[in-house]
Amino acid sequence: MGQLGQILQQLGINGTLLLSQIVNFFIVMFILRMLLYKPVLGMLEKRKERIAQSMKDVERASAAAGEAEQEKAGILDGARREAQEIRAQAARDTEKIAQEIRSRADAEATAIRMKGQADAEAQVQTILTDAKKQIADLAIAATEQLLGRELQNRAEQERFVNEYLAQQSGSGK
Amino acid sequence: MNRIQNLVQRIQNYLRQPRNAITISVVVILFVAGFLIKTPPPHISLVAEPLLEGGSSWLTNSMLTTILVDIVILILALWTRATIKMIPSGFSHVVEIMLEALYNLTQSVAGKRARDFFPWAATIFILVLVSNYSGLIPGVGSILVVQEAGGHAAVMESSAKPRILGGELVMANGAIISMSGVRSEAQQEEGHVASVPLFRAPSADLNMSLALGLSTMLMAQVWGVRQLGLKYFKKFFQFKRSGMGVIMGMAGLLELISEFTKIISFTFRLFGNIFAGEVLLLVMAFLFAFILPMPFYALELFVGFIQSLVFMMLAVVFFTVATLSHSGDHH
């Protein structure tokens, strides 16, 4: 045992120094644990979490952006379709209005023509009546002259002429 | 002939640049000075020596350096703690990268137990690394403290009497000077005069490496008991009445012995590497003061790193092995 002690002494191993080195090691470990390991590992952990969170956020944001893009496309598509519809409707409406105007103009023209026809007819009728009257007068005068006699009864005379005229107009057509 | 002329031309062109010329001339001057300056024989001691003769024996040069190493580690830790930010940058980021690498290394061996083992592994690594590198700082091992017979020590100064010192490098008012040939006279005049290096790398002191080895192996037993309960000790005492029993008993005995062997191998691996490295550097400086030690310096930087890594990795491996259920799985 004494020999071992001597060897240890020759190697410089000394109880006090050994113990102080062990204590030193534990103190350093304690201090580093408080000052270095806990904050650094905690920070590494926190940073890892933060990065994971950021990645998730980015993913979510990009998904939302895609969705918005899709929505935008949908809205645009709808708008385009609507515009087309409105245009088609407008075209249809125009066509209808034009048709209406045309038909109304047609009707008006027809009415005007009809009226003109009727007027003309009435005029013809008047003229004809006049002419008949004159003809009758002339005929009477001519007959008077021709017959050389005057009917005694004026009223009877007129009745006779009218009868004759009615007969004429009836076969005149 | 033409080729030689070409070479001369190229060398001349190279030297025409002032920077190259200065570098080359400094190297040449140092090389010549290496022959002219007689380096004193290095002070080599296996043990850490007390700084105060007759005073307290615990204040050895390695203990003083241990305290300085602790202070350096503390400052680095505080600095990191103060500058640590969510967005990594600067010094704290470097420390973070280092610690993360250590953590991943621990995890690759210990798996789920990495969280428990990490403070041990990291502390061993940092403490051993800084201790190893403390021995490489110029002045450690070469600045000597003079012990006078009167019992008090004094750092050699230019005003102090030259009789005190032997042929060692001495720091005098900021300049390292060499004093040779005085020692023998001094020793003849006064028997008690001796000089001791002011600093000594803690890992070049057996007390430190033994302390680490003891703590590590003791802690391995603690982890084992914590994980497996009293069953842990079964692996040392496997006595059974059968043919295999004898072999298993022997194996258990070997296991028991190996726990102590591990302490010794831990201790002397670290101590041997670092102490040998310092002796190597001193001897190289003694053989040829300039340029020659440079490659060995690089080598010692590498060795210092590797030894701290090895110590840490072995500690983690021993911890992990201790927590694994040993006996019972075989049968």
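The figures that follow rest on heavy atoms only: side chains count, while hydrogens, waters and symmetry mates do not. Per chain, numbering begins at 1; letters A, B, ... match sequence-line order.
- Both the backbone and the side chain of A:L18 come within contact range of chain B, judged by heavy atoms closer than 4.5 Å.
- Residues A:F25 and B:W120 place their aromatic rings such that the two centres sit under 6.0 Å apart.
- Ranking A:N14, A:I31, A:T16 against chain B, the residue ahead of the rest is A:N14, based on heavy-atom pairs under 4.5 Å.
- There is no contact between B:A48 and chain A, counting heavy-atom distances below 4.5 Å.
- Of the two parts of B:F275, neither the backbone nor the side chain holds a non-hydrogen atom closer than 4.5 Å to a non-hydrogen atom of chain A.
- In the displayed structure, A:L76 atom CG is contacted under 6.0 Å by more than 12 heavy atoms of other residues, nucleotides or ligands.
- Chosen from B:S92, B:P202, B:A77, B:P88, the residue pairing most often with chain A at heavy-atom distances under 4.5 Å is B:P88.
- There is no contact between B:I67 and chain A, counting heavy-atom distances below 4.5 Å.
- Annotation: A:E121, atom CD; neighbour count of heavy atoms from other residues, nucleotides and ligands within 6.0 Å does not exceed 12.
- Between A:L11 and B:V47 the shortest side-chain heavy-atom distance does not fall below 4.5 Å.
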> Hey, mind stepping through B:T66 and A:Q21 against side-chain contact (heavy atoms from CB on, under 4.5 Å) and telling me if it holds?
Replying inline: CA-CA 8 Å; B:T66 304; A:Q21 286 285 3; 3.3 Å; yes
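- Using a 4.5 Å cut-off between heavy atoms, A:R33 touches chain B through its side chain atoms alone.
- Heavy atoms of A:I22 lying under 4.5 Å from chain B belong to its backbone as well as its side chain.
- Heavy atoms of other residues, nucleotides or ligands lying less than 6.0 angstrom from CD of A:Q9 number 12 at most.
- Using a 4.5 Å heavy-atom cutoff, the side chains of B:E96 and A:R47 are in contact.
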>> What verdict does the side-chain contact (heavy atoms from CB on, under 4.5 Å) test give for A:F30 and B:T123, after you've listed the backbone C-alpha separation in whole Å, the side-chain angles of each residue and the deciding distance to 0.1 Å?
In response: CA-CA 9 Å; A:F30 179 74; B:T123 309; over 6 Å; no
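- Heavy atoms closer than 4.5 Å to chain B are found in the side chain of A:F26, but not in its backbone.
- What you find for B:I84 and A:P39 is that their closest heavy atoms are CD1-O, 3.9 Å.
- Contacts of B:L102 with chain A are absent, with no heavy-atom separation under 4.5 Å from either backbone or side chain.
- Only the side chain of A:L44 comes within less than 4.5 Å of a heavy atom of chain B; its backbone N, CA, C and O stay farther away.
- Remark: side-chain polar atoms of B:D70 are not paired, donor with acceptor, to backbone N or O of A:N24 under 3.5 angstrom.
- The structure places CG of B:L74 at 6.5 Å from CG of A:L35, a figure rounded to the nearest 0.5 Å.
- No part of A:L19 comes within reach of chain B, as not one of its non-hydrogen atoms sits under 4.5 angstrom from that chain.
- For B:L99, the part lying under 4.5 angstrom from a heavy atom of chain A is the side chain only.
- Within the 4.5 angstrom heavy-atom criterion, no atom of B:F271 approaches chain A.
- Scanning both residues, A:M43 and B:M86, for their nearest heavy atoms gives SD-SD, 3.7 Å.
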>> If you apply the rule side-chain contact (heavy atoms from CB on, under 4.5 Å), what do you find for A:L36 with B:L76, and how did you get there?
In response: CA-CA 9 Å; A:L36 203 60; B:L76 292 181; over 6 Å; no
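- Contacts with chain B were tallied for A:Q10, A:R50, A:M29; A:M29 has the most, counting heavy-atom pairs under 4.5 Å.
- Around the CD atom of A:Q70, the shell of radius 6.0 Å holds no more than 12 heavy atoms that belong to other residues, nucleotides or ligands.
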